[in-house]
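So you know, we letter chains A, B, ... as the sequences are listed, proteins then strands, and number each from 1. It should be emphasised that the depicted structure is a prediction, and the values quoted were computed from it without experimental measurement.
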Amino acid sequence: MHLRRLLILATIVLFALTLFGALFAAFSSANATTSNPPPPLNHPKIIYNDGMSAIPPRTNGTLLSATDVQHYILTQPFRGGPTVSHQQPKIVKLQLITSGQASNLLGGEYVSPSESLQVYFVVLSGPFFMENIHVPIGTKIPTANQVVEVFDAQTGNLLLWGIYA
Amino acid sequence: VDKRKKDINSDLKGSTFCASGGEERLAIALMLVLGLLITMFTLHPQKASAASITSSVPNTLTYTCLVQHCYGVNTWLGSVTGSFTVIDVVNLASGDVSVDNETWLIDNNSNRSEQCIFAPGDDNNACWVEAGYVRFSGDSERWFWADLRPMGGGCFNHCYYIEHDEGILNSGDYNNVVDITIMANGTAKQWSVSVGGHVTGFNATSVDNTMSPNRIDIGQELAGTQGANAPHANYQDNTWIKNGEHYQTVDGIFNYGGTSYNPPWAGWNQNQRPSNSPYGGVWYTCSLPSNGGNPC
């Protein structure tokens with residue numbers, strides 16, 4: 001008789017311990033603070049500030065010509081996306097100006113760390129389907145009638161591109 | 001007669017004892033089974049919230065993310081003057097258009113008092129500054145940043161969305177992290193953009209930008225219809241900036257773009273939410289082929 005009671009009691013205690021252990025484990029898991037501390041800040045050795053390579057520069061170190069730029073534009077796709085018709089875009093404007101002047105033409109947009117850098121300011125007419133632009137969630141990808149590209153006249157790098165509506 | 005009564009009593013007791021013993025054993029067995037079941041259910045690993053969204057995905061990764069891009073992003077609302085996050089740098093395959101890992105500092109322009117438009121006549125929505133790394137079709141991974149700034153009424157002369165693509169990532173940048181800060185720099189209408197990879201990075205400034213940010217997004221943007229491959233990347237150390245730097249302590253809004261079976265997949269990595277972890281939570285994204293479950 002006593003043995004049976006002891007057995008029942010032991011089972012109840014075992015059950016209670018199992019339940020407590022399980023609940024404790026679940027509680028601990030839901031509120032885990034197992035995050036590792038953030039990694040230390042990077043200190044990159046190479047700081048880019050000159051866009052991405054695009055038009056091959058001249059080997060003699062002189063500035064690119066308007067023809068060089070025109071050739072590139074008419075043979076390479078616009079980075080923001082294709083024209084809706086999949087035909088070549090039309091060049092509306094192609095100017096050799098300073099980056100400061102280019103910034104003024106873009107409502108103050110950042111172009112280069114140097115205001116005096118010689119750049120080609122190019123406006124193209126499409127319309128373009130701007131599938132390559134990056135936008136916050138919920139924003140419909142636009143079609144742009146006119147787009148802009150700015151190239152470093154020395155290196156041929158593409159400094160910026162975008163919508164110029 | 002007494003002997004028979006004793007025998008009967010004895011039999012009755014015996015049968016009672018037999019019945020009691022069976023019930024006890026049944027009760028014990030039930031309790032043990034119950035205990036095991038409780039243990040199994042409570043210790044079962046919890047899956048990230050994104051898993052519940054996925055239903056069926058073909059083995060070959062296809063998606064509908066062209067006219068409207070697809071996203072796996074988290075959104076925090078509230079007035080800020082900047083943001084900071086640390087993103088894993090992984091190799092990306094662009095698919096037919098592009099995929100990126102990035103962060104946005106956004107002015108929701110809720111009362112439409114500003115002109116945040118691509119072109120005159122377009123919908124007036126948000127203005128923003130964004131930065132991260134991207135891979136376009138036919139290209140390598142690059143750092144980039146972009147802005148859409150509030151313009152004057154009708155955009156005066158023009159409206160502008162401008163993107164700045166920088167140099168390609170160095171091999172030493174991969175399998176490390178990139179620190180991305182977008183914040184007011186103390187000069188009126190200027191927002192500093194700092195992107196620091198392990199080996200390469202850039203600094204720039206969004207100039208003449210009158211936005212008043214009230215939203216921070218982190219996550220992946222996927223554009224195109226097929227072929228992207230973006231392995232698991234974490235976004236940690238998530239911080240909002242206003243009168244100092246503060247780790248995110250609320251979970252924000254899980255913002256999922258695209259149809260229910262589209263990538264990117266995203267969620268809180270191993271349930272490390274800002275509300276229960278000390279360093280702003282650990283968000284994750286990926287776009288990978290899948291048999292129907294979350295492949296991250």
Side-chain angles (χ1 to χ4, degrees), chain A residues 4 7-8 11-12 14-15 18-19 21-23 25-26 29-39 41-53 79-80 103 106-110 130-142 144-145 148 158-165, chain B residues 24 28 31 35 38-39 42-43 66-69 71 73 86 97-98 100 104 106 118-119 122 125-126 128 130 136 142 146 151 158-167 177 179 196-208 217 221 223 236-237 255 257 271-272 276-279 282:
Chain A
R4 283 203 181 92
L7 190 65
I8 293 166
T11 308
I12 290 168
L14 188 65
F15 173 75
T18 307
L19 188 63
L23 289 174
S29 168
N31 294 281
T33 51
T34 54
S35 301
N36 293 321
L41 281 178
N42 285 325
H43 298 286
K45 293 173 186 167
I46 302 168
I47 299 297
Y48 296 127
N49 59 12
D50 56 353
M52 59 170 281
S53 58
R79 193 158 174 82
S103 176
L106 293 169
E109 178 73 31
Y110 177 93
M130 300 293 291
E131 63 185 22
N132 281 337
I133 72 167
H134 297 102
V135 297
I137 188 169
T139 307
K140 191 180 173 188
I141 302 307
N145 289 327
V148 63
L158 178 62
L159 299 175
L160 63 84
W161 57 268
I163 297 173
Y164 189 75
Chain B
E24 282 162 15
I28 290 165
M31 277 195 280
I38 290 168
T39 309
T42 49
L43 292 182
L66 200 55
V67 176
Q68 194 122 21
H69 291 174
Y71 299 81
V73 300
V86 176
V97 179
S98 71
D100 72 38
W104 294 259
I106 300 170
F118 288 113
D122 278 5
N125 290 313
W128 70 88
E130 62 184 310
F136 289 108
R142 294 182 183 278
M151 290 293 144
H158 292 285
C159 302
Y160 319 98
Y161 161 89
I162 300 294
E163 177 160 331
H164 306 252
D165 295 333
E166 297 293 339
V177 296
D179 308 318
H198 195 65
V199 178
T200 65
F202 72 87
N203 298 304
T205 310
S206 180
V207 186
D208 204 10
D217 282 11
E221 179 175 358
Q236 56 184 313
D237 219 0
N255 238 336
N271 203 34
Q272 292 176 87
N276 68 3
S277 60
Y279 306 112
V282 182

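- Taking the side chain as every heavy atom from C-beta outward, A:Glu131 and B:Leu66 approach each other to under 4.5 Å.
- Looking at B:Val67 and A:Ile141, their side chains never come closer than 4.5 Å, going by heavy atoms from C-beta outward.
- For B:Asp217, the part lying near chain A is the side chain, with the backbone staying farther off; criterion is any non-hydrogen pair under 4.5 Å.
- Contacts between B:Glu166 and chain A at a heavy-atom distance below 4.5 Å involve backbone atoms as well as side-chain atoms.
- Contact annotation: the side chain of A:Leu158 never approaches that of B:Asp165 to less than 4.5 Å [non-hydrogen atoms, C-beta and beyond].
- Both the backbone and the side chain of B:Glu163 come within contact range of chain A, judged by heavy atoms closer than 4.5 Å.
- A distance below 6.0 Å separates the ring centres of A:His134 and B:Phe136.
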Full working for side chain to side chain contact (heavy atoms under 4.5 Å, CB included) between A:Ile133 and B:Phe118: CA-CA 11 Å; A:Ile133 72 167; B:Phe118 288 113; 3.8 Å; yes

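- Across A:Pro142, A:Pro44, A:Ser53, A:Gly80, the residue that shares the most heavy-atom pairs under 4.5 angstrom with chain B is A:Pro44.
- Across every non-hydrogen atom of B:Phe202 and A:Ile47, the tightest pair is CA-CG2, 4.0 Å.
- The distance from atom OH of B:Tyr161 to atom CG of A:Leu160, rounded to the nearest 0.5 Å, is 11.0 Å.
- Heavy-atom pairs under 4.5 Å with chain A peak, among B:Asp100, B:Val86, B:Asn125, at B:Asp100.
- Residue A:Asn49 touches chain B through its backbone alone, counting heavy-atom pairs closer than 4.5 Å.
- Contact check for B:Ile162 versus A:Trp161: no side-chain heavy atoms found under the 4.5 Å cut-off.
- Taking the side chain as every heavy atom from C-beta outward, A:Pro37 and B:Tyr279 approach each other to under 4.5 Å.
- Of the two parts of A:Leu106, the backbone and the side chain both hold a non-hydrogen atom closer than 4.5 Å to a non-hydrogen atom of chain B.
- Note: B:Gly201 leads B:Gly201, B:Ala204, B:Gly196 in heavy-atom pairs under 4.5 Å with chain A.
- Contact check for B:Tyr160 versus A:Val148: no side-chain heavy atoms found under the 4.5 Å cut-off.
- In terms of heavy-atom pairs under 4.5 angstrom with chain B, the leader among A:Ala144, A:Gly138, A:Ser103, A:Gly108 is A:Gly108.
- For chain A, no part of B:Ala146 is nearby; none of its heavy atoms comes within less than 4.5 Å.
- Closest of all the heavy-atom pairs between A:Val135 and B:Tyr71 is O-OH, 2.7 Å.
- At a 4.5 Å heavy-atom cutoff, the contact between B:Asn203 and chain A is made by backbone and side-chain atoms alike.
- Of all heavy-atom pairs spanning B:Ile106 and A:Pro136, the tightest one is CD1-CB, 3.8 Å.
- With a 4.5 Å cut-off on side-chain heavy atoms, B:Val177 and A:Pro39 count as touching.
- Counting heavy-atom pairs under 4.5 Å between each of B:Asp237, B:Val207, B:Asp179 and chain A puts B:Asp179 at the top.
- Interface remark: B:Ser206 contributes no atoms to any contact with chain A (heavy atom separation under 4.5 Å).
- Residues A:Lys140 and B:His69 fail the side-chain proximity criterion, which asks for heavy atoms closer than 4.5 Å.
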